[in-house]
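Scope of the values below: all heavy atoms of this structure, side chains included, with no hydrogens, waters or symmetry mates.
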Amino acid sequence: MVGYSSFLKRWPVVVTAVLIAAFSWYFTWFTFGRHAKTNSGRFDLGNVEQTVWNVVHGRGFTMTDPYGIAQVSRLAFHADVFLILLVPFYALVQRPETLLLLQVLTVASGAMAVFLTGKKLLGPAWWGTMFSAIYLLNPGLQWATIFDVHAVTFATPLVLWAVWLTIEKKYRGALIFMILAMLTKEEIGLTLVALGIYVWLAQKQRRWGAVMTLTPAIWSLAMFFVVLPYFHGQTAGEVYRTVFGNGAASIINGALTQPLRFFHVLFARQNLIYGWQLFSATGLVGIISPWWLAAGPEMVINGLSLKPAQHLIISHYTSGITPWLIVASLAATAWMRKKMSIRFSARLVTWILVLWLGLTVGYSAWTTGPLPATPNDQTKFVTWRNPYAQPVREWSKLIPTAAAVSVTNNVGAHFARRERFYGFPLGIDQADYIVVLEDHATPVVATQAEVTEKIKDLRSSSQWLVVEYLGDLTVLRRRE
């Protein structure tokens with residue numbers, strides 16, 4: 001009986017640990033396999049790995065401009081200096097799989113933060129387990145985890161740990177996690193301001209509230225209006241393209257000078273669908289909690305962007321939104337449970353909430369998530385028999401890291417460990433090797449037709465020696 005009683009007390013923790021282990025196993029298997037089958041990309045696994053590799057080899061926080069041929073600071077694109085913190089781990093095993101594994105394990109750890117927060121707000125530990133499952137089933141979280149590697153994906157669990165520590169009034173620890181989170185991307189600090197305001201107003205801690213409000217706000221504003229503009233002139237690409245122009249200032253200008261257009265675009269049909277998918281993934285109840293407003297800066301940036309991926313749940317652009325919707329759902333559930341229990345039995349209220357959350361979250365995971373046996377099942381990208389996977393891996397080992405390469409996006413993540421790393425057909429005049437996989441080349445800097453035409457010309461060029469020509473795969477080496 002003692003053993004059974006002990007189990008009853010511990011089963012929520014055990015189940016949560018099993019869920020975390022299952023998530024970690026599956027997404028490690030998936031991301032490793034996806035990369036091995038050339039379904040990762042130079043955008044962005046290759047870009048991230050080259051940056052980390054350069055830091056390891058003493059070249060600073062730099063990369064090859066993916067839209068050009070110059071060597072530029074990573075800060076020309078994003079203030080994701082969090083990547084530097086991955087360097088000690090990557091230095092041990094300098095492979096893209098190291099970064100993929102770190103991302104999966106960090107994301108999975110967020111489930112424990114949710115468990116602890118749920119237990120704190122809702123009482124019985126099994127509520128924590130339930131919300132841990134809601135977190136791990138979140139389609140936005142899952143898509144971000146499998147969509148190569150991005151520093152901002154690490155922000156989701158880091159924000160959740162900061163929230164739990166704040167609720168526990170462990171402010172020093174909370175501030176550490178806030179700093180880690182805001183280092184993942186420039187706008188994350190703006191979302192964290194809400195946590196400082198909560199400490200200031202709800203917990204009546206003015207000193208800590210001021211520190212936790214001003215620190216992330218100042219950081220983000222400095223990144224948007226000082227640091228990023230300074231470095232952005234190095235690149236041929238454009239990061240923030242909105243309906244009001246380029247750059248963060250364009251959003252503020254649009255809101256102030258064209259408010260009607262601002263809200264018209266923000267509440268366009270594609271954004272409403274996007275919002276529905278985000279909120280339904282956490283049971284819809286979060287809409288009644290003010291915590292979801294913390295995600296406002298990220299939602300506005302995505303809503304006004306001209307980049308299609310920022311209006312879709314199938315990318316990493318939900319990473320700054322997901323933690324706040326989880327927190328909002330937790331807070332809303334706790335509030336409803338308390339209020340509804342005044343008029344109805346606690347058991348009935350519990351069953352209603354559990355049933356509602358289970359149905360809405362389950363439906364969302366089924367319709368928009370990437371898990372096996374769902375309409376968006378992605379396992380084909382791991383299990384398909386790709387005849388080019390093995391040759392690409394072999395050439396990634398054969399081509400010296402000192403050599404400059406120009407590669408298509410679909411094989412780019414296999415050749416990122418070098419100083420000069422160009423996106424085909426860019427960098428042809430500077431490259432020592434060219435690796436092109438024409439099928440599903442997913443070109444970013446050229447069209448599929450341009451890739452096909454250019455590689456055809458180069459195969460007959462006297463300047464290049466064809467060292468591999470296998471169907472869609474072409475490997476060229478510059479003649480001596």
Output yes when a side-chain donor or acceptor of Q142 lies under 3.5 Å from a complementary backbone atom of L136, and no otherwise.
-> yes
What do you reckon, are the aromatic ring centroids of F279 and W292 less than 6.0 Å apart?
-> yes
For residues F225 and Y230, establish whether the separation of their ring centroids is below 6.0 Å.
-> no
Got a donor-acceptor contact below 3.5 angstrom from the T64 side chain to the Q71 backbone?
-> no
Tell me, please, which residues at least two apart from R417 pass salt bridge (charged side-chain N to carboxylate O under 4.0 Å, His left out).
-> E49
Can the ring centres of F147 and H150 be said to be less than 6.0 Å apart?
-> yes
Does the ring of Y433 carry R478 above it, NZ/CZ under 6.0 angstrom from centre and within 45° of its axis?
-> no
W200 and T213: side chain donor to acceptor below 3.5 Å | no
Inspect the contact between R477 and D432 and indicate whether a charged nitrogen and a carboxylate oxygen are less than 4.0 angstrom apart.
-> no
Donor-acceptor under 3.5 Å (N302 side chain, Y317 main chain) = yes
Considering residues at least two apart in sequence or located in another chain, which fulfil the salt bridge (charged side-chain N to carboxylate O under 4.0 Å, His left out) criterion with K170?
-> none
Quick note, ring pair (Phe, Tyr, Trp, His ring centres under 6.0 Å) partners involving residues 80-135, not counting sequence neighbours, are F82-F154
Flag, side chain of S319 to backbone of H316, donor-acceptor distance under 3.5 Å = yes
For E186, all residues meeting salt bridge (charged side-chain N to carboxylate O under 4.0 Å, His left out), sequence neighbours excluded | none
How far apart are the C-alpha atoms of D44 and N47, what are their side-chain angles, what is the distance that settles it, and do they pass the side chain to side chain contact (heavy atoms under 4.5 Å, CB included) test?
-> CA-CA 5 Å; D44 286 297; N47 291 334; 3.4 Å; yes
Contacts of E168 that satisfy salt bridge (charged side-chain N to carboxylate O under 4.0 Å, His left out) - sequence neighbours left out | K120
Pairwise side-chain contact, V451 with T447, heavy-atom cut-off 4.5 Å (strictly under) = no
Please identify each residue that fulfils side-chain contact (heavy atoms from CB on, under 4.5 Å) with V15, with sequence neighbours left out.
-> W11, L19, T129
Between Y363 and W366, ring centroids under 6.0 Å = no
With V55 as partner, the option from L83, L86, T62, V87 fulfilling side-chain contact (heavy atoms from CB on, under 4.5 Å) is V87
